[in-house]
Amino acid sequence: MDKTKSVAEQNGLGICYANGLQNGFNSPQLSNGTCAHGSSGSGGGSSSGSHSGIENFHHLHQGLQNNGSPAKRCRLRRRMDSGRKNRPPFPWFGMDIGGTLVKLVYFEPKDITAEEEQEEVENLKSIRKYLTSNTAYGNTGIRDVHLELKNLTMCGRKGNLHFIRFPTQAMYRFIQMGRDKNFSSLHTTLCATGGGAYKFEEDFRTMADLQLLKLDELDCLIQGLLYVDSVGFNGRPECYFFENPSDPQNCVKRPCCLDNPFPMLLVNIGSGVSILAVYSKDNYKRVTGTSLDGHTFPVS
């Protein structure tokens, strides 16, 4: 490895150390944003299917703007209207339930029309106001205002992404809050990843009448890194590397555009450590890391 690149993103999605073969990780299907949401209904569906739907919606939107043919624009508009009908209802959440912290991402729509405002149920308004008007929730919940991503387009809607965290040991209070705010009247399924998605699955069901759609943690890590690189941080590159890292006098922090990084090593540091060999956005393996008790172990 003749050059080491480190990519550290502040949104709780992990830290990546790439091997410097090529800069990269820019997925067209994620350039319009990945939908982090709780889907209505008791079913689920694969994460790859939801990404594909988002990608198609993005391409339809671009085609409607750029194509000059009235007949084609009419067809695209009909397909976009169909895509809007199939969008999951608000609120949109995603959760990473780790061993130490729960990381919650919330999409706040900013393009709500007057008609939508009138039709929006009071429960949904209450949740949005509660989450966006506070920076602290109880004694342990914190919204990291400095990490907020503004003016993003996700699933065809414009809005802001908020990042909220609280200790995993406070999970039962969070579930009780969901029950008290009658969250199940808006959703019956929430998207979640991390070991806690399995640990607390039954508690969500019995205490708050909510189902967890469990997503693979390492899949989410890679998709999250792709997404962070595609949107940047409010107009600034979010990923970076150090030039001349072994020379303190000449070490310089440089922005890193991830266009084609494969193969690469991705290091995720949380309660434990996972080191992934990533060959493409859908092809990777965990080569080593730590177990839950902190001991290092190899993976064949």
Side-chain angles (χ1 to χ4, degrees), residues 1-30 34 36 46-52 94-103 105 165 168 191-199 213-231 237-247 251 253-300:
M1 206 182 289
D2 57 352
K3 181 179 180 182
T4 300
K5 293 183 178 180
S6 65
V7 180
E9 11 79 22
Q10 303 172 47
N11 295 329
L13 295 172
I15 299 177
C16 165
Y17 296 86
N19 63 5
L21 296 176
Q22 294 287 335
N23 296 344
F25 251 4
N26 193 5
S27 169
Q29 75 178 38
L30 289 170
T34 300
S46 67
S47 58
S48 60
S50 65
H51 294 324
S52 177
M95 289 190 298
D96 177 7
I97 310 175
T100 304
L101 286 176
V102 177
K103 285 78 67 179
V105 60
R165 56 186 166 88
T168 304
C191 292
T193 189
Y198 295 87
K199 179 179 179 180
L213 173 57
K214 301 182 295 298
L215 303 173
D216 183 83
E217 185 173 3
L218 299 182
D219 283 342
C220 292
L221 171 68
I222 295 173
Q223 297 290 351
L225 179 61
L226 286 165
Y227 179 65
V228 165
D229 177 61
S230 70
V231 300
E238 175 72 348
C239 301
Y240 61 87
F241 71 98
F242 289 101
E243 193 175 79
N244 303 316
S246 60
D247 185 353
C251 182
K253 182 179 177 180
R254 302 287 191 192
C256 180
C257 177
L258 302 178
D259 290 329
N260 182 23
F262 311 113
M264 66 176 290
L265 291 177
L266 191 153
V267 179
N268 185 45
I269 302 175
S271 302
V273 177
S274 292
I275 300 178
L276 310 180
V278 185
Y279 306 103
S280 73
K281 66 183 183 68
D282 298 316
N283 182 16
Y284 65 88
K285 68 177 181 179
R286 189 174 188 269
V287 293
T288 190
T290 58
S291 59
L292 292 179
D293 60 7
H295 293 99
T296 302
F297 69 98
V299 178
S300 59

Checklist entry - Who pairs with Lys199 by side chain to side chain contact (heavy atoms under 4.5 Å, CB included), at least two apart in sequence or on another chain? => result none
Next on the checklist: For a side-chain contact (heavy atoms from CB on, under 4.5 Å) check, start with the C-alpha distance between Leu221 and Leu276, then their side-chain angles and the critical distance, and finish with the verdict.
Outcome noted: CA-CA 10 Å; Leu221 171 68; Leu276 310 180; 3.9 Å; yes
Item to check | Contact check, side chains of Cys191 and Leu215, non-hydrogen atoms, under 4.5 Å | outcome: yes
Next on the checklist: If you define the side chain from C-beta out and look only at heavy atoms, does anything of Arg286 sit under 4.5 Å from Leu218?
Outcome noted: yes
Checklist entry - How far apart are the closest heavy atoms of Cys256 and Asp229, and which atoms are they? => result O-OD1, 3.8 Å
Next on the checklist: Within this structure, what is the OH-CD distance for the pair Tyr198 and Glu217, rounded to the nearest 0.5 Å?
Outcome noted: 9.5 Å
Checklist outcome for this item: For Lys214, the salt bridge (Lys or Arg N to Asp or Glu O under 4.0 Å) test, sequence neighbours excluded, returns Glu201
Checklist entry - For Thr168, which residues count as a side chain to side chain donor-acceptor pair (under 3.5 Å) partner, sequence neighbours excluded? => result none
Checklist entry - Measuring from Arg254:CZ to Glu243:CD, what's the distance to the nearest 0.5 Å? => result 4.5 Å
Checklist outcome for this item: For Ala192 and Ile97 the tightest heavy-atom approach is CB-CD1, 4.4 Å
Next on the checklist: Which heavy atom of Val287 sits nearest to which heavy atom of Ala277, and what is that distance?
Outcome noted: CG1-CB, 3.8 Å
Item to check | Audit row: Lys281, Leu226, side-chain contact (heavy atoms from CB on, under 4.5 Å) steps and yes/no | outcome: CA-CA 8 Å; Lys281 66 183 183 68; Leu226 286 165; 3.9 Å; yes
Checklist outcome for this item: d(Asp219 CG, Asp282 CG) to nearest 0.5 Å is 8.0 Å
Item to check | Nearest non-hydrogen partners of Ser280 and Val278, listed with the distance | outcome: O-CG1, 3.2 Å
Checklist entry - Between the side chain of Thr193 and the main-chain N/O of Asp96, is any donor-acceptor distance below 3.5 Å? => result no
Next on the checklist: If you apply the rule side-chain contact (heavy atoms from CB on, under 4.5 Å), what do you find for Phe241 with Lys253, and how did you get there?
Outcome noted: CA-CA 6 Å; Phe241 71 98; Lys253 182 179 177 180; over 6 Å; no
Next on the checklist: Could you go through Leu266 and Leu225, starting from their C-alpha distance and side-chain angles, then the distance that decides it, and tell me whether this counts as side-chain contact (heavy atoms from CB on, under 4.5 Å)?
Outcome noted: CA-CA 10 Å; Leu266 191 153; Leu225 179 61; 3.4 Å; yes
Next on the checklist: Tell me every residue that passes side chain to side chain donor-acceptor pair (under 3.5 Å) with Asp216, counting only those two or more places apart in sequence or in another chain.
Outcome noted: Tyr284
